[in-house]
Amino acid sequence: MRNIKRSFLSMYSLLQARCHCAPSSSANRLFSARALNPKVCIVGGGPAGFYTAQHLLKGRSDMVVDIYERLPVPFGLVRFGVAPDHPEVKNVINTFTQTAQHERCSFFGNVSIGTDVSVEELKKAYHAVVLSYGAEGKRLMGVPGENLAGVFSARDFVGWYNGLPSNKELCPDLSCDTAVVMGQGNVALDVARILLSPPDLLKTTDITQQALESLRASQVRRVLIVGRRGPLQIACTIKEVREMMNLPETRADMLPADFEGIAEALKDLPRPRKRLTELMLKSLKVDERSQEANKQWGFRFLLSPVKVLPSADGKKVAGIRLAVNKLEGSGEKARARPTGQTQDLECGLLISSIGYKSLPIDSSVPFDPHTSTVPNNMGRVSHTAGLYCSGWVKRGPTGVIATTMNDSFETAQILLKDVETGKLDLSVNKAGAQEITSLLQTRGVRPVSFSEWEKINSEEIRRGEVLGKPREKVLDVKQMLGIALS
């Protein structure tokens, strides 16, 4: 039914575009703009892409939206980035599913824009292109020894336990006693929590079975979460810290010296920062329950990586050398400066959680390598008509899903305004997905539709029921669908 209706809309638009009965050129432009249904393509099937599509479809009853995703499955970081023990965050998938099932929306997975199809080819096929492909890159620490065995980016480690196909062979060695996580944002705390959580708490989540089995055999008993600034600049939220403090059989291991003078500064802090700091101060107190704990975690402040220390055979990580910092300035704007002193921490597992970054997608698209974003003004890509962006590639990898929602709605609203005012040229009929799928076919690329994703989804739920979980993710979509994916 969706295809029939879309075919009718396209035929109607083509007929109207060929009509020459308007009395003047200005009236003809107005008539064409109203007659042609705008075709928009969105690059990226994560939160930014789906929120942008949702707002565009709601904004105009004649808008046709196609979503192209590099992976064969949708939902991006909601599926592969959200911690498995945070299922409530993933409820937004229900809304995204409704968007994908909309009669004027289509999903094409397994299509890599910039490789399988160029942005210029998309612009020829659509009235507008929205870049919403997120931040697929990982920031490096940039220190010697970073490539040793046992050193991972948080992006890859999270992808491993969340079932990202490209990380299924990661196989981290968890036979060590101590792990160090560089970075103090929410992702860093997610990693620490998963490493220390009792497996029985994780077995009813959608964590992959292979990760769960590795965590059952894990010997990690201590996780240190290291940041370059102090307690008043820590980047995580109160929810994440509270979850760490409430982990069964686990106690906080803080250094009281790190919190000297912090209590006196509380009265001048904004309320959210004050509550977070009070919670960390509370972790300094030792109770009977914490004394019986056999695992521990702790923040370490004012430390920056200098060198990853190798094992005796030079093949794997044995520790990390850190520069001891001091703060210049105060509050959120305080900067860390090295004192010239260093400190070594022993560890057999090192996870770098210092941020994600967007990557250039196509030589025709402007890109700022310093901010790792596409230069834009409220979502309009600079100096490029018909090109827009939303999400992390627009503003950088910051904020939560609600931030991305508001950001994407802003971009969609700008695009809709450009349609209404005539700034976006609708005078030419565009072939949309018909043209792109033909190109993909000639190039041997096999897109995965949303209906095929629904089959994968059903199979994951079936596998999960067998294991007592909400789902067990399919790691080899190619094998399941019986098709050769690019």
Side-chain angles (χ1 to χ4, degrees), residues 83 85 141 145 148-154 157-158 160-161 172-202 207 211-212 214-228 231 234 236 240-259 279-305 307-311 316-322 324 342-354:
D85 57 348
M141 291 185 291
L148 288 171
V151 180
F152 302 96
S153 72
F157 194 80
V158 170
W160 168 68
Y161 63 65
D173 182 357
L174 305 181
S175 62
C176 61
D177 175 79
T178 300
V180 168
V181 182
M182 295 302 305
Q184 295 179 328
N186 283 345
V187 175
L189 269 72
D190 283 346
V191 168
R193 191 178 65 256
I194 295 300
L195 281 170
L196 295 176
S197 289
D200 284 349
L201 288 184
L202 297 175
I207 191 170
L212 182 61
S214 293
L215 290 165
R216 282 193 186 282
S218 172
Q219 297 301 307
V220 176
R221 294 292 178 267
R222 182 173 183 242
V223 179
L224 299 178
I225 307 163
V226 180
R228 71 184 190 280
I234 196 167
C236 58
E240 300 283 341
V241 175
R242 184 178 289 116
E243 286 178 325
M244 291 300 299
M245 292 180 64
N246 290 335
L247 269 181
E249 302 172 7
T250 307
R251 67 179 177 86
D253 170 29
M254 303 293 192
L255 300 179
D258 284 340
F259 293 88
L279 187 61
M280 286 191 289
L281 288 170
K282 184 179 178 182
S283 71
L284 295 174
K285 300 177 182 178
V286 179
D287 57 30
E288 292 181 4
R289 185 183 69 87
S290 68
Q291 289 177 326
E292 297 172 358
N294 60 9
K295 296 181 182 180
Q296 54 186 294
W297 67 278
F299 291 124
R300 295 294 183 268
F301 299 103
L302 297 172
L303 299 168
S304 298
K307 178 183 180 181
V308 179
L309 303 175
S311 56
K316 63 175 296 184
V317 59
I320 183 165
R321 179 157 297 157
L322 301 155
V324 178
T342 61
Q343 176 182 332
D344 292 351
L345 290 179
E346 292 184 8
C347 64
L349 177 67
L350 177 62
I351 299 172
S352 171
S353 183
I354 57 175

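Rounding to the nearest 0.5 angstrom, the gap separating the OG1 atom in Thr250 from the CZ atom in Arg193 is 12.0 Å. For the atom pair NZ (Lys316) and CG (Leu349), the distance works out to 9.0 Å, reported to the nearest 0.5 Å. Atom-to-atom distance recorded for Ile194:CD1 and Tyr161:OH is 5.0 Å, nearest 0.5 angstrom. Atoms OG and CG, from Ser218 and Leu212 in turn, are 11.5 Å apart once rounded to the nearest 0.5 Å. For the atom pair OG (Ser304) and CZ (Arg321), the distance works out to 15.0 Å, reported to the nearest 0.5 Å. The structure places CG of Leu303 at 10.5 Å from OG1 of Thr342, a figure rounded to the nearest 0.5 Å.
Scanning both residues, Pro305 and Met182, for their nearest heavy atoms gives CD-CE, 3.5 Å. For the residue pair Gly183 and Ile225, the shortest heavy atom distance occurs at O-CG2, 3.2 Å. Minimum interatomic distance between Gly227 and Gln184 (heavy atoms only, all atoms of both residues): N-NE2, 3.2 Å. Summarising the geometry of Met280 relative to Pro231, their closest heavy-atom pair is CE-O, 3.3 Å, with the distance given to 0.1 Å. Residues Leu247 and Ser197 come closest through the heavy atom pair CD2-OG, 3.5 Å. Glu240 and Asn186 get closest at one heavy-atom pair: CG-OD1, 3.0 Å.
Applying the side chain to side chain contact (heavy atoms under 4.5 Å, CB included) test between Phe299 and each of Val241, Leu224, Asp258, Val226 identifies Val241 as the sole match.
Counting heavy atoms from C-beta on, the side chains of Leu350 and Met141 come closer than 4.5 Å. Side-chain contact check for Ile207 versus Leu215: some heavy-atom pair is nearer than 4.5 Å. Counting only heavy atoms from C-beta outward, the side chains of Ile234 and Phe301 approach each other to under 4.5 Å. Looking only at side-chain heavy atoms (C-beta outward), Val317 and Val180 stay at 4.5 Å or farther from each other. Proximity of Trp297 to Met254: side-chain heavy atoms (C-beta onward) are separated by under 4.5 Å at one or more points. Residues Leu189 and Glu243 have side chains not in contact (no heavy-atom distance under 4.5 Å, counting atoms from C-beta outward). Contact check for Asp200 versus Arg216: side-chain heavy atoms found under the 4.5 Å cut-off. In this structure, the side chains of Leu345 and Thr178 stay at 4.5 Å or more apart for every pair of heavy atoms.
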Notebook entry, point to check: Checking side-chain contact (heavy atoms from CB on, under 4.5 Å) for the pair Asp190/Val158: CA distance, chi angles, key distance, verdict?
Noted result: CA-CA 9 Å; Asp190 283 346; Val158 170; 5.6 Å; no
Check: Going through the distances and angles, do Leu174 and Leu195 end up as a side-chain contact (heavy atoms from CB on, under 4.5 Å)?
Finding: CA-CA 9 Å; Leu174 305 181; Leu195 281 170; 4.1 Å; yes
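Residue pairs meeting the salt bridge (Lys or Arg N to Asp or Glu O under 4.0 Å) criterion with at least one member in residues 295-304, sequence neighbours excluded: Asp253-Arg300.
With hydrogens and angles disregarded, no donor-acceptor distance shorter than 3.5 Å links the side chain of Ser283 to the backbone of Leu281.
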